[in-house]
Q: 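The structure is given below, and queries will be raised subsequently.
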Amino acid sequence: MNWFKLASPAAFYPFAGRLIPRFGLAALVLVLIGFDWGFFLTSDQLGGSNPQKEYYRIIFVHVPAAWMSMWLYLVLAAWSAIGLVFNTRLSFMMAKAVAPTGAIFTFLALWTGALWGRPSWGTYWDWDPRLTSELLLFFLYIGYIALHSAIDDTRRADRAAALLAIVGLVMVPVIFLSINCPDPTQCASLHQRSDPGSIHLSILIPMLSMTLGFWAYSFAAVFARLRTIILTREADSAWAREVIAQEART
Amino acid sequence: MMAFFSQGGYGGYVWGAFGMTFGLLLIEILQLRASQRKTLTRLSRLLRLRAPRQTASSAGRAQGTAGTKS
Amino acid sequence: MLDVTDLACRRGERDLFSGLGFQLPARTLLHVRGRNGSGKTSLLRVLCGLLRPDAGSIRWRGENIRELAEDYHRDLLYFGHLNGLKADLTGLENLRIASTLDQAPVDEDAIIEALARIGLEGFEDLPTRMLSQGQKKRVALARLILSKAPLWILDEPFTALDVDAVEFLQQLISAQVADGGSVVLTTHQEVPLTRGAIQRLTLGETVDDLDAATPAAH
Amino acid sequence: MLDVTDLACRRGERDLFSGLGFQLPARTLLHVRGRNGSGKTSLLRVLCGLLRPDAGSIRWRGENIRELAEDYHRDLLYFGHLNGLKADLTGLENLRIASTLDQAPVDEDAIIEALARIGLEGFEDLPTRMLSQGQKKRVALARLILSKAPLWILDEPFTALDVDAVEFLQQLISAQVADGGSVVLTTHQEVPLTRGAIQRLTLGETVDDLDAATPAAH
Amino acid sequence: MFRVFYCVLARDITLAMRRRTDVLTTLFFFVIVVSLFPLGVGSEREQLRLLGPGVVWVAALLASMLALERLFAADYDDGTLEQLLLTGQPLAVLVLGKVVAHWLLTGLPLVLIAPLVAMQYHLSPPAIWVMMAALAIGTPVLSLIGAIGAALTLGLRGGGILLSLLILPLYVPVLVYGAGAVSVSAIDIADTEPYLSLLSAFLLGASLLAPLAAAAALRISLE
Amino acid sequence: MFRVFYCVLARDITLAMRRRTDVLTTLFFFVIVVSLFPLGVGSEREQLRLLGPGVVWVAALLASMLALERLFAADYDDGTLEQLLLTGQPLAVLVLGKVVAHWLLTGLPLVLIAPLVAMQYHLSPPAIWVMMAALAIGTPVLSLIGAIGAALTLGLRGGGILLSLLILPLYVPVLVYGAGAVSVSAIDIADTEPYLSLLSAFLLGASLLAPLAAAAALRISLE
Ligand code: HEM
Ligand SMILES: Nc1ncnc2c1ncn2[C@@H]1O[C@H](COP(=O)(O)OP(=O)(O)OP(=O)(O)O)[C@@H](O)[C@H]1O
Ligand SMILES: Nc1ncnc2c1ncn2[C@@H]1O[C@H](COP(=O)(O)OP(=O)(O)OP(=O)(O)O)[C@@H](O)[C@H]1O
Ligand SMILES: [Mg+2]
Ligand SMILES: [Mg+2]
């Protein structure tokens, strides 16, 4: 397959169209596996002396959503950078298509985290570093979307929002460092993170399955949004007019 | 069955989390479909409106004509 | 000196022009004409490098203006719809800052003389917010007297000026052309140039939906 | 109808005019002339009641405009240096709001027709920020087509318009005068009125420091 | 007269809806300011609970004030305000229309989102209800008083910050009683009533006087 | 190049001096916000001492941000920014000149007035010194980061509040370390050093990168 050819919106449009159902199907299957395993194969309670009750099952959506939110921001920033450097139209459209899905996953990480925190910590919200940085990531997404939609001219909107995404990316480590480690003299001791190896396999498997499912879902959603964006922006070109005429008939 | 829904008394939290997750994803899917359909109808109407004019003005697109005169 | 090939520009779903090409040698004035909304301002901003064209290239003395960047801007004087004056500064201060930033600082006396020549004697020390529409425009145009840039790009420089000022400005433009410079300007009036060559470029002549601009019988 | 006596106005330590008096009957156009900075805009704003004169009185149909206040404003249409358009609203919306607030709401079709007559067919639905300088001005001038106000006060309405639009506007003004209205306008161009009477008022004729406006020999 | 009021109201809301993000941004500003405090102050639960009402009210005040700056400024810059003055309508009605639109777009969302931010400060449910009620009565007062300041500072460079200077002191009573109502509710919910009635009295007074004062200020600013 | 920098700097300072109130208003805004808190929160001495650093920093952050909005907007509206872009000078240098002027006019006064407001919160003298040092290093970072946001939101309606949304999250590190330095100084003054060095590192990084990013943003915004 010629990957360079795919960089043109005209070629990418049908390509994305063919991929959407495949990713959608994969997402459905993986999420169902994760759900089934997590609810029926793993035990209801975990841990020894101080067992985690059933609410630990939130982990099956919480962690995948949190991972996706961070991963999608990387994708957003990467496409933005590519767009600014090489001035390719498709990369900007890609970045724009990623943002809403990323914001949704960030919100979900916060929401599910809050619902987890209530039974286990006794509060919906606390100013834990991890929670705070996720909240700021949410603000970054919202900022990107708000800036993009505040500008009428698409070209300016693309470029301005792309620059913002990159500035945000530069800042993310700094932000993360600052909230994770408000006391620079004793950073390491603050947050004990669980080692992935020590997680029980019957949790790890559904969690990973769910993560892959969300990942496939993101592909499908982003491509679907991308197709609409491409069509709107290329409405004047001959191929788009053909596509529009064709799809309007069906 | 009841045990499945009550989740040991934590059903509100567990189903709140899962419900919001799959609910939001579902809403996103529906919203994507709706916006795709809306875009298609809007664009096809636009094309139909432009169609007669398109032929007229494609012949004489804003063309610069430069002439020298002193 | 300015060499434009195959330029295209779209704004807000409308093609303003495409395949536009011309050469502007020294000692020439290019008069860009066209109805309201035909893309004159857009063309001028593209020529300045403020707006990115959708296709085509612009060369200044053989080099692409994107690559020349700041070097091109040093050779250029742009005068847009906005006057580019700080309302809180006096005419004198505005001009001094403009000339310093253009890396051609001139002394106070030269600025005062320029302001006097353009008819603002006695107004040098007023914040420009206290000037009338036409007086503001005159302050901005005093930059033309001080400028040594070989290329002037002027967007409707004659509006809001009274008859004397219009005539004075025409003489300035003629002198710039006679001295070996180039000028691109838009105006809905005629430009009687005394020396040098005039090229005319008319935008959007045949776009049909502008025909409606002819007023209905009244 | 408009009766001005002994009007005086100072701005920023300069006397713009004093002892100014005139009467403007119906079916008449008053063309206020003067160099840049002679006080035309100030006079027009005084006539609208936006600026308080330093002396003198202005009467509309025999009553002082200060006392008439809102009643006077209903009879008045002012068009200033700024266009008075919301950049985020379309031309259609701008005009609809303007006419509702003037308590003379007109229906959509009338507005669309007015916009078409002034040469903006196809641009009705664009936010006015996306229009060119001249197109914005045209939207603002479309208010003249819709207006039923007997008194128009227009500050340099012809700038930025192309030749067709200028001609159309001249016809509009003629029609207003012929229909029994009055018009006060400033412009640096000539106004060929086809019907009705023209009065001319020249401001600041004898102020000597404006003589410097004559460009020095070049 | 009602038609004029409605026309201005509809106009401003349409304008805001053209840029839906505007409404959201006031909201997010509010949320962000509220969220910043724990970062600067530390996140002890008991302390946050004490801080909560004050922080939320200060943030509401700042959010409302920030948005106020554009209340007349946008209309002034493009000359539509001049035209509004010349419409032959009572100016105070036009001003009231603009203020109501402003509150619907900036005050109301704050009221609705208050429970969310209150949670961050671990406030109890009754306290949250009181906070919503206090915000619902208090924020219109903020918009009304702010309109006077916005009219006075119109067209001045740095007007935004001059505006803050003028109106923040006037906001103090609303702040004191608004935050007071919430703090008191932690002790006994019945105690909040006098606070809320005082706020309502402010609202009544402000809606009668502020439009007139703002209209007068506008006339002065436009001379 | 230095001459250009200096010219822009001098220009912006002259402009501000034409309207001396502008400088004062940022200051007063800061003072007022800081003084409002005890009104909303209550005035227990011990509690105020804990709150002090956080409140002062949040207020500094808001004051700096408010003033930022006009950083490029005024030049944009009157067309001088367009002219600056066309001067044939490296844009980043011009931007740096404007940012330095902005800091001198809004950041520096905050640093100088900090002792006064710190007193309201009963901070100890060493803590006050640390606060001044932290503000002196931290506020330029705020101005630099803010310039990027200001350039991005140039000419947008409701830009002010959009600006807040974009840059407040980016201000968080400065806030955390700035307030952290002061809080820690209450325990042991020697502990503040790593905080201050981290802030200095931010300053260095921001002064290298931010002007470039802001210049790029300006070019995009002016298209
Ligand atoms: C609003 C509240 C919450 C938010 C925003 C949140 C956010 C996050 C994020 C961003 C991650 C991924 C971090 C990483 O992998 O580096 C994560 C992972 C995780 N979270 Fe949460 N969380 C919240 C509440 C909770 C609560 C209450 C718990 C449990 C008591 C929890 C337990 C976990 C666990 C176990 C992981 C697994 C990742 C690992 O450490 O390997 N979270 N959360
Ligand atoms: N806001 C102001 N404050 C002080 N003086 C002013 C102000 N506006 C204008 N002036 C002064 O008033 C005089 C007349 O200004 P005005 O705008 O009325 O002139 P004009 O005749 O309309 O000129 P133009 O033809 O340039 O539009 C000018 O000399 C100007 O210096
Ligand atoms: N910011 C913008 N966004 C989208 N479209 C725009 C924008 N500015 C202008 N346009 C469109 O571009 C076209 C040309 O505008 P331009 O300002 O170049 O015209 P012009 O020839 O200078 O007209 P005028 O004689 O009225 O000044 C117009 O039809 C206008 O609708
Ligand atoms: Mg133009
Ligand atoms: Mg005038």
Side-chain angles (χ1 to χ4, degrees), chain C residues 11-14 16 33-42 81 113 115-123 126-127 129-138 155-156 158-172 174-175 188-189 194 209-218, chain D residues 11-14 16 33-42 81 113 115-123 126-127 129-138 155-156 158-172 174-175 188-189 194 209-218:
Chain C
R11 300 203 76 176
E13 322 219 333
R14 293 184 61 238
L16 292 181
R33 298 192 300 181
R35 343 228 357 189
N36 289 139
S38 56
K40 302 181 293 302
T41 299
S42 308
H81 278 310
E113 200 210 306
L115 282 171
R117 275 180 62 197
I118 209 153
L120 289 174
E121 208 166 22
F123 291 89
L126 281 183
R129 73 161 68 248
M130 295 207 177
L131 298 180
S132 81
Q133 191 83 346
Q135 288 171 325
K136 281 179 199 147
K137 192 113 189 181
R138 288 181 186 214
D155 198 354
E156 305 207 20
F158 296 111
T159 55
L161 293 180
D162 63 20
V163 193
D164 292 332
V166 167
E167 194 185 316
F168 179 70
L169 181 55
Q170 282 173 351
Q171 290 179 18
L172 271 183
S174 300
H188 296 294
Q189 293 165 262
T194 42
D209 59 3
L210 279 177
D211 280 349
T214 327
H218 196 78
Chain D
R11 298 204 77 176
E13 322 224 330
R14 292 183 63 239
L16 292 181
R33 299 193 299 179
R35 342 225 2 186
N36 288 139
S38 56
K40 302 181 295 298
T41 299
S42 308
H81 278 310
E113 199 210 308
L115 282 171
R117 275 182 60 201
I118 209 151
L120 290 175
E121 208 166 23
F123 292 89
L126 280 184
R129 72 161 69 251
M130 295 207 178
L131 299 180
S132 79
Q133 190 83 345
Q135 288 171 325
K136 281 177 199 150
K137 190 112 190 180
R138 287 180 186 215
D155 198 355
E156 305 206 20
F158 296 110
T159 54
L161 294 181
D162 64 22
V163 193
D164 291 331
V166 167
E167 193 186 319
F168 179 70
L169 182 56
Q170 282 173 352
Q171 289 179 20
L172 270 185
S174 299
H188 296 293
Q189 292 165 259
T194 42
D209 61 2
L210 280 177
D211 281 348
T214 329
H218 198 78

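Below, chain A is the first sequence line, B the second, and so on; all start at residue 1.
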Q: Look at D:E156, D:H81, D:M130 and state which one has the largest set of heavy-atom pairs under 4.5 Å with chain C.
A: D:H81
Q: To the nearest 0.5 Å, how far apart are NZ in C:K137 and OG1 in D:T159?
A: 8.5 Å
Q: Kindly give the heavy-atom pair with the smallest separation between D:G37 and C:S132, and that separation in Å.
A: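 For D:G37 and C:S132, the tightest heavy-atom pair comes out as N-OG, 3.1 Å.
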Q: Residues in side chain to side chain donor-acceptor pair (under 3.5 Å) with D:S42, at least two apart?
A: none
Q: Per the side chain to side chain contact (heavy atoms under 4.5 Å, CB included) rule, which among C:L120, C:L161, C:L131 passes with D:N36?
A: C:L161
Q: Out of curiosity, C:D162 CG to D:K40 NZ, how far, rounded to the nearest 0.5 Å?
A: 7.0 Å
Q: To the nearest 0.5 Å, what is the distance between CZ (D:R14) and CG (C:L126)?
A: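 Spacing of CZ (D:R14) from CG (C:L126) equals 8.5 Å.
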